[in-house]
Amino acid sequence: MTKLDQLRQAVYAAQQANDLPDVFALRILALCENPRSRALEPSALDDLIDKLGDYDTYGQTGYLGMGVSDLILQRTLDRLESNL
């Protein structure tokens, strides 16, 4: 299984378990389908996979500030897409 396959699975899991918004899911799945994504660093893809596992709609709010918020996920995607 490739990193991009793992990323696809992480997207589907985050949609089911963490209510990942469709706007992010569509961007990530488009990234997976882009042939140039094969050239991305595996560690960058691992980072995104980890962030999807920690995604929380209300991340970085409240007392503990735990989880990955929309802003963190957006910035990660922007960075990956700019490297294509």
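As a basis for the values below, the full set of heavy atoms in this structure was taken, side chains included, without hydrogen atoms, waters or symmetry mates.
- Here the side chains of Leu52 and Leu7 are in contact, with some heavy-atom distance below 4.5 Å.
- With rounding to the nearest 0.5 Å, the separation of CG in Asp56 from CG in Leu73 is 11.5 Å.
- Leu48 contributes atom CG, which lies 11.5 Å from atom OG of Ser43 (distance to the nearest 0.5 angstrom).
- To the nearest 0.5 Å, atoms CD (Glu41) and CG (Leu80) are separated by 10.5 Å.
- For the pair Asp54 and Asn18, the minimum side-chain heavy-atom distance is 4.5 Å or more.
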Could you go through residues 26-34 and list every donor-acceptor pair under 3.5 Å that involves a side-chain atom there, pairing it with any protein atom two or more places apart or in another chain?
from: Arg27; atom 1: NE; to: Glu81; atom 2: OE2; distance (Å): 3.2
from: Arg27; atom 1: NH2; to: Asp78; atom 2: OD1; distance (Å): 2.7
from: Arg27; atom 1: NH2; to: Glu81; atom 2: OE1; distance (Å): 2.6
from: Glu33; atom 1: OE2; to: Arg8; atom 2: NE; distance (Å): 3.3
from: Glu33; atom 1: OE2; to: Arg8; atom 2: NH2; distance (Å): 3.2
from: Asn34; atom 1: OD1; to: Arg36; atom 2: N; distance (Å): 2.9

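- Using modelled atom types, one finds no donor on one side chain facing an acceptor on the other under 3.5 Å when comparing Tyr55 with Asp19.
- Taking CG of Asp70 as the start and CG of Leu20 as the end, the distance is 8.5 Å to the nearest 0.5 Å.
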Could you please spell out the steps behind the side chain to side chain contact (heavy atoms under 4.5 Å, CB included) verdict for Gln15 and Asp22? CA-CA 8 Å; Gln15 283 180 302; Asp22 290 341; 3.6 Å; yes
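- Every residue meeting the side chain to side chain donor-acceptor pair (under 3.5 Å) condition with Lys3, not counting sequence neighbours, appears here in chain and number order: Asp46.
- In this structure, CD on Gln74 lies 10.0 Å from OG1 on Thr76, to the nearest 0.5 angstrom.
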